[in-house]
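Okay, so here's the structure we're looking at.
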Amino acid sequence: MNKFNPNFYLDAKDDAEMIQKAVDAAKECGEKVVIPRHNERTGKDIWMLPRAVKLYTGTTICLDNCHIRQADESFDNIFKNLFARTDEGRLIENRQYDIHIYGLGNAVLDGGNHNGLVERNANRDGRPVTLVNSPLHFVNCERICVENLRIVNSRYWGMCFHYCSSGRVSNIHFMSVGNCPNQDGIDLRTGCNSFVIENISGFTQDDTIALTCLKDSARYDIEGMDDSIHNVIIRNITSFTLCAQIRLLNNYGRKIYNILIENVQNFAEYDPCDERSNSLPLRIPMSKNYYIDSETTSAMPGGEYWAMFTPDRYWTAASIRLGENHYSDPNDPNSAAKLGQMYNITVRNVQSRARTPIYIARALCDSVIENVQVFGKSPIAVYFDKGEYDNIKLRDISFNRNAFHDPAYDNIKEEDWCGFNSRSVVYFKKAKATNIFADGITTAVDSPAVFAGSGDVSISARDICSRNGDIPVSKGDIKVKVL
């Protein structure tokens with residue numbers, strides 16, 4: 001056994017110290033740290049961390065078929081870079097490089113029993129920021145790679161990056177099903193660029209992947225560095241969530257641009273149109289009691305904060321969510337995102353049964369949405385909420401033959417969130433939209449219209465396939481020119 005194996009340090013006071021000593025030793029010579037499954041100090045096949053292991057420039061961690069769990073009542077990550085959430089981390093000269101965390105076999109990061117820290121009580125009465133609950137947190141890093149891991153029972157976002165670049169996150173499976181709020185999977189926040197996020201699966205209670213360029217992360221701003229999120233590729237996503245599979249969000253003048261999203265599948269164990277689907281049980285693999293000595297608990301007294309994945313809730317809000325109307329200060333006209341601050345967004349190859357497979361809000365321009373295939377009971381394929389839009393191309397947007405109408409959504413009012421006056425393939429809610437091009441649009445059998453909604457909207461469309469000859473091209477006061 002060498003000194004880069006935590007089991008070399010049997011005299012350490014706890015598991016975190018064992019791993020930290022191995023990381024410290026590897027720092028001196030560039031060796032990788034290998035964390036095995038068996039913990040020789042405790043005699044158990046688990047590592048319980050009361051505080052985070054701090055990683056240096058050049059640190060490589062191999063999780064060899066091991067299970068690492070945040071200790072009960074702890075308030076820290078599992079892994080973070082040395083300068084994460086410190087004043088030193090806000091200086092360009094303290095940027096860290098070449099951090100690599102990867103798993104072999106069944107490598108698990110586990111949030112365990114929740115400590116009760118959530119956004120609503122963070123930074124109060126001596127409590128820290130909520131980000132201490134994320135298994136992984138990195139600030140001001142370059143060339144960072146996280147791959148081949150399972151993340152279960154996350155206490156907050158699964159992993160979070162601020163001002164990080166040239167990164168890759170791949171082959172991650174999540175199992176976080178509602179024992180606390182805001183269980184995002186992967187969050188790129190202000191200042192991140194040049195990332196590839198790929199091969200992501202599993203269940204996240206909140207957004208599976210979120211790119212959020214917001215003022216509220218200003219505490220991590222680095223003077224002299226670009227605060228935008230740009231040049232990000234997201235691909236091969238098969239997940240379920242109650243929120244969005246992929247979400248882009250910006251405000252206060254911060255920009256998101258040059259984003260490529262492709263190959264997104266909304267998880268479905270059974271065809272929702274299959275007459276047998278209601279009688280078949282949902283096999284949601286739970287991670288309760290994963291560690292036999294400790295049952296996973298919830299953040300709030302009285303049970304789960306949000307409903308578990310049960311048949312009546314088993315519906316994603318949106319597969320792709322671009323923009324938001326509610327992240328601004330109504331007293332500050334400069335707080336809301338404006339046209340030209342989210343642009344060059346490409347979304348393609350989406351198969352979804354979400355309530356709104358593609359949801360767009362506030363401001364988007366110079367973007368492409370293509371090859372969206374809708375199945376199940378989705379009432380609208382592409383939904384434009386209130387906002388301003390320019391130069392957006394919609395290509396090959398279609399409902400499948402067996403898509404069905406749920407009468408429960410006939411009574412939705414347009415003023416509601418994602419409200420509409422009429423189902424359609426594409427819907428505009430009190431929007432201003434110019435240079436909208438639609439090519440290859442296929443309706444559901446009983447769609448009331450191809451395009452519907454309200455606002456100052458002009459669309460040029462061609463190659464419309466109506467599954468029913470009586471379906472009108474437009475409904476409402478929008479303008480459609482059929483080419």
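Remember, it's a predicted structure, so these values are computed and weren't measured experimentally.
Checked by atom type and distance alone, the side chain of Ser154 pairs as donor or acceptor with a backbone atom of Tyr156 at under 3.5 Å. Asn153 contributes no side-chain N or O that, together with a main-chain N or O of Asp110, makes up a donor-acceptor pair within less than 3.5 Å. Of the possible donor and acceptor atoms, one in the side chain of Asn7 sits under 3.5 Å from a partner among the backbone N and O of His38. Proximity of a side-chain donor or acceptor of Asn81 to a complementary backbone N or O of Leu55 within less than 3.5 Å is not detected. Judged by distance alone, the side chain of Gln183 and the main-chain N or O of Asp206 form no donor-acceptor pair under 3.5 Å. At least one donor-acceptor pair closer than 3.5 Å links the side chain of Asn65 to the backbone N or O of Asn106. Side chain of Asn250 to backbone of Cys213: no donor-acceptor contact under 3.5 angstrom is found. Remark: the backbone N or O of Arg155 is paired with a side-chain donor or acceptor of His114 at under 3.5 angstrom. The main-chain N or O of Met48 is never found under 3.5 Å from a side-chain atom of Gln70 such that the two would form a donor-acceptor pair. Put simply, the side chain of Gln373 never gets that close to the backbone of Ile397: no donor and acceptor are under 3.5 Å apart.
Minimum interatomic distance between Asp207 and Thr241 (heavy atoms only, all atoms of both residues): N-OG1, 4.0 Å. The minimum heavy-atom distance between Gly116 and Asn121, with the atom names listed, is O-ND2, 3.0 Å. The nearest pair of heavy atoms linking Asn77 to Pro135 is CB-O, 3.7 Å. Minimum heavy-atom separation, Trp47 to Arg37: NE1-O, 3.6 Å. The two residues Tyr56 and Gln20 have their closest heavy-atom pair at OH-NE2, 3.9 Å. Summarising the geometry of Val132 relative to Pro128, their closest heavy-atom pair is CG2-CG, 3.8 Å, with the distance given to 0.1 Å.
Donor-acceptor pairing under 3.5 Å is lacking for the side chains of Asn371 and Asp396. No hydrogens or angles considered: a donor-acceptor pair under 3.5 Å links the side chains of Asn115 and Asn133. For Asn231 and Ser194, the side-chain atoms include no donor-acceptor pair closer than 3.5 Å. Asn334 and Tyr252 share no donor-acceptor pair across their side chains, judged by distance under 3.5 Å alone. Looking at His162 and Asn140, their side chains never bring a donor and an acceptor atom within 3.5 Å of each other. Under the 3.5 Å distance criterion, with hydrogens and angles disregarded, a donor-acceptor pair is assigned to the side chains of Asn236 and Asn199. No hydrogens or angles considered: a donor-acceptor pair under 3.5 Å links the side chains of Gln245 and Ser239.
A centroid separation of less than 6.0 Å is found between the aromatic rings of Tyr359 and Trp417.
In summary, of the residues considered (Asp216, Val139, Leu211), a side-chain contact (heavy atoms from CB on, under 4.5 Å) with Arg189 occurs for Asp216 alone. In summary, of the residues considered (Arg254, Lys215, Arg90), a salt bridge (Lys or Arg N to Asp or Glu O under 4.0 Å) with Asp221 occurs for Arg254 alone. Here the rule is ring-ring contact (aromatic ring centres under 6.0 Å, His included) with His137, and of Tyr220, Phe161, Phe83, Phe79 only Tyr220 fits it.
Met225 has its side chain within reach of Arg95: a pair of non-hydrogen atoms, C-beta onward, lies under 4.5 Å apart. Ile35 places a side-chain heavy atom less than 4.5 Å from the side chain of Ile61. Side-chain contact between Val347 and Leu260 is absent, with no heavy-atom pair separated by less than 4.5 Å. Between Glu370 and Lys393, every side-chain heavy-atom pair lies at or beyond the 4.5 Å cut-off. In this structure, the side chains of Phe203 and Ser176 stay at 4.5 Å or more apart for every pair of heavy atoms.
Within 6.0 Å of NZ in Lys3 there are 12 or fewer heavy atoms belonging to other residues, nucleotides or ligands. Environment of CG in Asp416: crowded, with over 12 heavy atoms of neighbouring residues, nucleotides or ligands closer than 6.0 Å. Tyr327 OH: 12 or fewer foreign heavy atoms inside a 6.0 Å radius.
Classification of the Tyr389-Phe384 ring pair by plane angle, with boundaries at 30° and 60°, yields perpendicular.
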Residue pair Asn39, Asp45: steps toward the side-chain hydrogen bond (donor to acceptor under 3.5 Å, both in side chains) verdict: CA-CA 6 Å; Asn39 182 334; Asp45 290 338; over 6 Å; no
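The cationic group of Arg143 does not satisfy the cation-pi geometry with Tyr97, failing either the under 6.0 Å distance to the six-membered ring centre or the 45° limit from the ring axis.
Ion pairing between Arg51 and Asp15 fails under the 4.0 Å rule for side-chain N and carboxylate O.
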